[in-house]
Structures are given as structure tokens and as C-alpha cells.
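The structure appears right after this line, and notes come after that.
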2 protein chains.
Amino acid sequence: MSRQNQTFKAAVNSALASFGALAPGAELGSEAELAAKLSISRTTARNVLAHLVQLGVVEWEGRRKTLLRAPCPEDRFPPEDVALPAELAERQLQEWILRTDLPPGSQIHESELARQLDIPVALVRDLLQNFRVSGLIEKNPNKHWTFRGFTREYATEMCDMRELIERAAIRQLIADPEHPSLPRMAEMERLHIALLARDDAAMTEFPALDARFHRIICQAADNRFFDEFAHRISIIVHYHYQWNKRDETARNRAAIREHLAVIRAVLSGRGEDALAAFDHHLATARTTLLASVNWG
Amino acid sequence: MSRQNQTFKAAVNSALASFGALAPGAELGSEAELAAKLSISRTTARNVLAHLVQLGVVEWEGRRKTLLRAPCPEDRFPPEDVALPAELAERQLQEWILRTDLPPGSQIHESELARQLDIPVALVRDLLQNFRVSGLIEKNPNKHWTFRGFTREYATEMCDMRELIERAAIRQLIADPEHPSLPRMAEMERLHIALLARDDAAMTEFPALDARFHRIICQAADNRFFDEFAHRISIIVHYHYQWNKRDETARNRAAIREHLAVIRAVLSGRGEDALAAFDHHLATARTTLLASVNWG
DNA sequence: TTACGGTTTTTTATAAATAAAATACCTTTA
DNA sequence: TAAAGGTATTTTATTTATAAAAAACCGTAA
């Protein structure tokens with residue numbers, strides 16, 4: 001069926017949202033301006049305008065485009081129409097692989113997965129190929145894929161690599177008192193303190209904060225290979241949080257305190273302390289991760 | 001046109017080659033045995049047998065398969081028929097990107113590349129997506145790819161990552177006197193001494209040896225993420241050797257001596273010396289790589 | 001009764017088709 | 001005359017089609 005018009009639909013929604021600031025009767029600027037504002041081509045911008053005319057939200061006569069009425073929720077496309085099928089399917093696939101708890105060595109068939117997720121095989125193929133970099137699956141040429149498993153070895157190898165990278169990154173961060181990442185560390189301090197003050201139920205917000213913390217550390221090195229690895233790993237770590245629920249809130253509170261120790265040492269320029277605190281945090285993070293391994 | 005039968009053709013060639021050890025009149029074993037020996041399915045093995053019958057090389061009657069005559073060169077399929085189109089195209093694409101000397105920021109269009117390399121766009125897309133991990137290109141959604149360029153930044157980031165990994169790997173290598181990679185290091189010593197004894201013309205063989213040396217170091221850590229990165233990088237380094245021809249033979253001889261210093265220190269258990277020698281080699285390798293940067 | 005061969009079904013690799021979206025080109029109008 | 005709109009062309013994203021290759025199934029003979 002070829003392409004669906006997600007870009008168009010997303011642009012319509014985004015245009016409608018931007019009209020909230022305007023009063024009916026306002027003029028809308030040129031097609032090129034609209035295209036630039038929505039980060040789309042002028043072709044799509046024109047399609048959006050045409051659609052808005054059909055909705056009765058806009059009047060369009062030559063180069064005069066007038067807002068007729070404030071947009072209402074019914075004008076918007078539903079969110080599931082807006083998401084790109086590829087991105088939607090990517091999350092579905094990750095869910096499937098990481099939550100099905102397959103034993104190591106399991107066969108993964110493109111065609112079977114395509115049926116289960118109700119997406120074309122070609123897309124499954126693309127997604128698996130992309131996911132391969134995570135180190136969790138491998139291809140048998142002319143045959144199926146194999147799930148290598150979230151094993152003790154995998155977790156160890158991942159932690160080794162991660163510690164190597166993040167230690168190098170934090171060394172760069174503490175070496176430069178003017179480092180551009182420092183303001184974001186200050187912001188992190190506030191967020192950590194705020195979360196620590198809240199009740200146990202709020203601890204569900206920790207995984208996202210943890211991901212941001214490690215990402216900021218990584219980005220301090222300004223190295224594309226660090227970022228690439230960190231991104232891949234964050235997906236795995238994200239799922240790991242859903243496997244190991246034992247002592248969850250206690251662990252999370254402890255981790256927040258460990259983060260804070262690192263952040264405060266970094267911000268106050270105590271380099272050695274920061275390194276020591278960070279090493280300590282990496283050690284507990286490794287223990288936590290290994291505790292969530294089900295296989296081997 | 002769908003799939004071509006490369007697997008079949010490669011299997012025929014491989015079967016013919018294995019017949020060199022047999023005398024005419026010899027019996028050939030079961031279909032399953034043949035399939036296992038050639039690492040193909042029984043289906044393809046049967047097709048191979050049928051083809052060999054047509055060639056008059058084999059007689060096949062029920063479960064009796066007899067070699068009629070020694071295979072001759074004409075029986076074999078030409079090498080270009082045997083290579084997988086995807087692998088062929090992958091090398092073509094790498095050649096194109098890394099030898100065209102595009103300025104950083106250049107647009108790369110899937111369709112244009114498909115025309116130039118005479119392969120379907122879908123394949124170009126796959127290959128570019130795969131090559132993305134090298135950090136040299138990036139995708140603009142709904143638009144073209146951008147060549148980020150083999151710049152000073154790129155080379156620096158690559159070296160930073162490489163040194164991090166290889167230092168960690170060699171530390172593991174020297175920490176264990178029974179390390180399984182040590183025999184391969186001994187083999188490496190022989191190869192390096194042999195190459196050093198030969199004339200300048202033989203120095204063209206150094207890049208391949210260099211790649212093997214660094215690969216063995218990497219593999220000593222037994223970490224899939226290390227290997228993955230090392231593999232990606234080896235492709236880039238391979239091309240870099242073709243850009244920087246100045247003082248080539250002198251540089252290569254010096255590098256061989258540096259390798260030897262590392263290898264000997266490792267083999268004789270002088271850990272500190274090995275680390276120092278390796279650091280020294282990494283420093284010159286970095287200098288060499290940066291000297292071949294044409295942009296920025 | 002089990003290993004083997006014949007046959008059918010499933011799955012993968014590749015190519016081609018199609019609509020969306022971007023870009024380029026040309027015309028118009030303020 | 002320059003910026004905007006209209007139109008045509010190119011390129012990308014996605015689906016579908018097809019043959020090769022693998023795997024499963026089943027009957028048969030040593």
C-alpha cells in the first residue's frame with residue numbers, strides 16, 4: 001500500500017496546536033514560512049493548508065490565508081495515526097524481544113515475528129538488523145536469527161564497556177571547570193533533590209532520571225561513539241528496570257543519593273571525590289543489573 | 001527478479017573442490033552428510049547433486065552416488081556468480097564513500113547511489129543504514145543522508161574510543177599468563193619478524209597484518225562490544241592506508257617494530273613494558289591517522 | 001526401526017511497484 | 001524585481017511479489 005501520510009497528519013496537528021496563540025481573523029504568513037515552522041516541505045505545507053480549508057479552520061485565497069476559527073480537538077488526527085509505523089514497530093519489537101523472556105539460543109523467525117506484530121517482513125528485517133548492534137541477537141545467514149540472551153556474560157560485557165566510557169567521560173567533565181555540561185549537572189542536582197523528597201510512589205520516575213544522568217555524563221566526552229553506545233544500552237537498561245522489582249524503592253533511593261554524591265563533587269570541583277563516588281555508583285549499578293539476570 | 005542462486009553455485013564449486021581428494025568411482029555418502037559438509041540445506045544439496053549429474057561428474061541412482069570423473073575447471077561457476085550481491089554491493093558502497101573524498105556535509109541520495117552502483121534503492125538503503133554505525137554518515141528523516149566527513153574530530157573521537165578499548169583489552173591480556181590469546185601473539189611475532197626481513201615492496205602487506213594485530217588485542221577482552229567497534233573501525237583504517245602514502249614504507253617498518261616491542265613484552269610477561277610500548281604505538285598510530293585527514 | 005530419500009511447506013533474500021514527501025522549476029503578482 | 005504561489009520532477013518510505021533456500025513432513029528400504 002506504499003507510504004501513509006504520517007508526516008502530513010503530524011504537521012496538521014502541529015499546525016492546529018500553533019494556532020492556539022492566534023485569534024480568529026489572523027493572517028498566516030507564506031507557504032514557505034509555514035513549511036519552515038513545521039519542518040516540512042512546502043508541498044506538504046500546501047497539503048496541510050488545503051486540509052485546514054476543508055476543516056473550515058482556514059480561508060485560503062491566493063496568498064491570503066486567514067484563520068477563521070479556533071481549532072477544536074476534533075480537528076486533530078488521533079495520535080496512533082501520527083506515529084511513524086517504523087518507530088511504532090521498533091518499540092513493539094523491543095517489547096517483544098525483551099519482555100518475552102526467551103531462553104538464550106532461541107530462534108527468532110522474521111516471518112513469525114511479522115505475523116505476531118502484524119507488520120511486513122521487510123520491516124521486521126530492518127528492525128532486527130538495527131537491533132543487532134545491541135549485541136543481544138545474531139544472524140545466521142540464509143536462516144533464522146538467534147537470541148543470545150540477557151545472560152551474565154552479556155551484562156558483564158555491557159557493564160565493562162559502559163564503565164570504560166563513562167569513566168573517561170567524567171574525567172573530561174571534572175578536568176574542565178568551564179565544561180559546557182556543568183549547567184546541566186546543576187539542573188540534575190535540583191531534580192534529584194526534588195525526587196528524593198517525594199514519597200515511594202514517585203520512585204517510578206527514577207529510571208528516566210537515571211537514564212538522563214548517565215546520558216549527560218556520556219555527552220560530556222563529546223564523542224559520537226560514546227553516544228551511540230550509551231543510546232543502545234539505555235534501551236536495555238530501561239527494560240531491565242521492569243524485570244527486577246525486588247527492593248525497588250530502597251534501591252532507587254540509594255541510587256539517587258549516589259548520583260547526588262557524584263553531582264555535588266563535580267559541581268564543587270572535587271575531582272577525586274567525584275571519581276570515587278562515580279566508581280562506587282557504577283559498582284552498585286553493576287550489582288543491580290547482574291541481579292536481574294535470569295539466565296546463566 | 002528476486003533471489004539469484006548464489007548459495008547453490010558456491011556449493012557446487014565447493015563440492016567440486018572437495019572431490020579433488022577422491023578417485024573416480026568413489027562413493028559420496030548421504031544427502032544429509034553432503035549438506036552438512038557444505039553447510040547448506042539438504043534441499044540445496046540435492047540441487048547440487050542434480051547439477052553434478054548434468055555435468056556428468058556424478059552418477060546418482062537412489063541412495064547410490066558415484067564420482068564418474070575428476071572435476072575440471074570448466075565445471076566451476078565463475079567467481080562473480082558466486083559472490084552475494086549484498087556483500088558485493090557493500091564493498092562497492094564503502095569504496096564509493098571512502099574514496100570519492102566528499103567534503104563534509106555533502107548530501108548522499110539513495111536513488112543517485114543506486115543508479116551509480118547499479119543496485120536497487122532498497123539495498124542502498126540497507127547498506128547506508130548499516131554503515132551509519134561507523135559514525136561517518138547520518139540520516140535526515142524523509143530526506144537525504146549527510147556525509148559528516150573524515151574530519152579531525154572524527155579521527156580524534158575514533159582514536160579516543162579505540163585507545164580506551166584496546167588498553168582495557170591488553171590489560172586483560174597481560175594479567176593472565178594462561179590467556180588463550182597468547183599463542184596467537186606468538187604466531188604474530190613470527191609473522192612480524194618475517195615481514196620485517198623482506199624488502200620495501202612487501203610493506204604493502206602491512207595494513208592487513210596491522211588489522212590482525214589490533215583485532216587479536218581486542219579479542220583478548222572477549223567482549224562483543226569491543227569486537228563490534230573494532231570491526232567497524234578496521235574498515236575505516238583500511239581505507240585510510242590508501243590515502244596517506246607519504247613515507248609509507250618507513251612508517252610501516254617503524255610500526256612493525258612497535259608491534260614487536262609490544263608482542264615481546266607481552267610474551268615474556270613484562271606487563272608494565274607491554275603497556276608502555278602499546279601506549280607508544282597508539283600515539284604514533286594516532287599521529288599517522290590524523291596526518292591523513294584532508295578536511296578541517 | 002532407523003536412517004535415508006522424495007515431496008511439500010515455510011522462510012529468507014532480492015527486486016519491483018506505489019504513494020508520500022521533498023525538491024526543483026517556472027509563473028505570477030504585489 | 002523579488003518574494004510568493006503553481007506545477008512538474010525527483011527521491012524516500014512502505015508494501016507486495018517472486019524465486020531460492022531451509023525446514024518439516026512422510027513414506028520406504030536397508
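Every chain is numbered from 1, with letters handed out A, B, ... down the list of sequences.
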Nearest whole angstrom, please: distance from the C1' of D:dT11 to the NE2 of B:His144.
11 Å
Kindly say whether the aromatic ring centers of B:Phe226 and B:His231 come within a distance under 6.0 Å.
no
Output for pair (A:Asn5 CG, A:Arg3 CZ), nearest 0.5 Å, gives 10.0 Å
In whole Å, what is the span from the NZ atom of B:Lys143 to the C1' atom of C:dA20?
15 Å
Please find the pair of heavy atoms, one from A:Leu93 and one from A:Phe131, that lie closest to each other, and give the distance.
CD2-CB, 4.3 Å
Exactly one of A:His109, A:Glu138, A:Gln107, A:Glu110 should register a side-chain hydrogen bond (donor to acceptor under 3.5 Å, both in side chains) with A:Trp145. Which one does?
A:Glu110
Let me know the distance between NZ of A:Lys139 and C1' of C:dT12, rounded to the nearest Å.
7 Å
Does atom CZ of B:Arg215 have more than 12 heavy-atom neighbours from other groups under 6.0 Å away?
no
State whether B:Glu87 and B:Arg91 are salt-bridged, where the test is any N-O pair (Lys NZ or Arg NE/NH1/NH2 against Asp/Glu carboxylate O) under 4.0 Å.
no
Closest-nucleotide 5' rank along DNA chain C - winner of A:Asn140 and A:Ser39
A:Asn140
Of the candidates C:dA22, D:dT18, C:dA20, the side chain of A:Arg3 sits closest to C:dA20
Test B:Ile108 against every option in B:Val124, B:Thr100, B:Leu102 by the side chain to side chain contact (heavy atoms under 4.5 Å, CB included) rule and name the one that passes.
B:Leu102
Give every donor-acceptor pair under 3.5 Å between a side-chain atom in residues 62-69 of chain A and any protein atom, sequence neighbours left out.
{"residue": "A:Lys65", "atom": "NZ", "partner": "A:Gly29", "partner atom": "O", "Å": "3.2"}
{"residue": "A:Arg69", "atom": "NH1", "partner": "A:Asp75", "partner atom": "OD2", "Å": "3.1"}
{"residue": "A:Arg69", "atom": "NH2", "partner": "A:Leu55", "partner atom": "O", "Å": "3.2"}
{"residue": "A:Arg69", "atom": "NH2", "partner": "A:Asp75", "partner atom": "OD1", "Å": "3.2"}
{"residue": "A:Arg69", "atom": "NH2", "partner": "A:Asp75", "partner atom": "OD2", "Å": "3.4"}

Identify whether any heavy atom of A:Thr7 sits under 4.0 Å from a base atom; if not, whether one sits that close to sugar-phosphate; answer base, sugar-phosphate or nothing.
sugar-phosphate
Map B:Gln6 and A:Phe8 onto DNA chain C by nearest heavy atom, then report which one ends up closer to the 5' terminus.
B:Gln6
Phosphate OP1/OP2 of D:dA21: any B:Lys9 side-chain N/O under 4.0 Å
no
Are more than 12 heavy atoms from other residues, nucleotides or ligands located less than 6.0 Å from atom CG of A:Asn140?
yes
Using a 4.0 Å cut-off on heavy atoms, which residues in residues 74-92 of chain A reach DNA chain C? List them by number, or say none.
none
Distance-minimising heavy-atom pair for B:Ala89 and B:Leu123:
CB-CD2, 3.8 Å
Contact residues, residues 105-115 of chain B to DNA chain D [heavy atom, < 4.0 Å]:
B:His109, B:Glu110, B:Ser111, B:Arg115
Would you say that more than 12 heavy atoms from the other residues, nucleotides or ligands in this model lie under 6.0 Å from the CD of A:Glu59, or not?
no
Nearest-angstrom distance from the residue atom CD of A:Gln4 to P of D:dT15
6 Å
Quick check, are the ring centers of B:His240 and B:Phe150 under 6.0 angstrom apart?
no
By the side chain to side chain donor-acceptor pair (under 3.5 Å) test, which pairs, at least two apart or in different chains, include something from residues 14-40 of chain A?
A:Glu31-A:Arg42, A:Glu31-A:Arg46
Separation of B:Asn142 atom CG from D:dT12 atom P, in whole Å?
10 Å
For DNA chain D, which residues in residues 118-130 of chain A have a heavy atom at a distance below 4.0 Å?
A:Pro120, A:Ala122
Identify the two heavy atoms, one from B:Leu136 and one from B:Gly149, that lie closest to each other, and give their separation to 0.1 Å.
CD2-O, 3.5 Å
Using a cut-off of less than 4.0 Å, is there contact between a side-chain N or O of A:Ser41 and OP1 or OP2 of C:dA22?
yes
Rounded to whole angstroms, how far apart are CG on B:Asn5 and C1' on C:dT14?
13 Å
Close N or O pairs between protein and nucleotides 3-6 of chain C (under 3.5 Å):
{"residue": "C:dC4", "atom": "O2", "partner": "B:Arg63", "partner atom": "NH2", "Å": "3.4"}
{"residue": "C:dG5", "atom": "OP1", "partner": "B:Lys65", "partner atom": "NZ", "Å": "2.5"}
{"residue": "C:dG5", "atom": "OP2", "partner": "B:Glu31", "partner atom": "N", "Å": "2.9"}
{"residue": "C:dG6", "atom": "OP2", "partner": "B:Glu31", "partner atom": "OE2", "Å": "3.4"}
{"residue": "C:dG6", "atom": "OP2", "partner": "B:Arg46", "partner atom": "NH1", "Å": "2.7"}
{"residue": "C:dG6", "atom": "O6", "partner": "B:Arg42", "partner atom": "NH2", "Å": "2.3"}

Is there a donor N/O on one and an acceptor N/O on the other, under 3.5 Å, for the side chain of B:Thr43 and the base of D:dA22?
yes
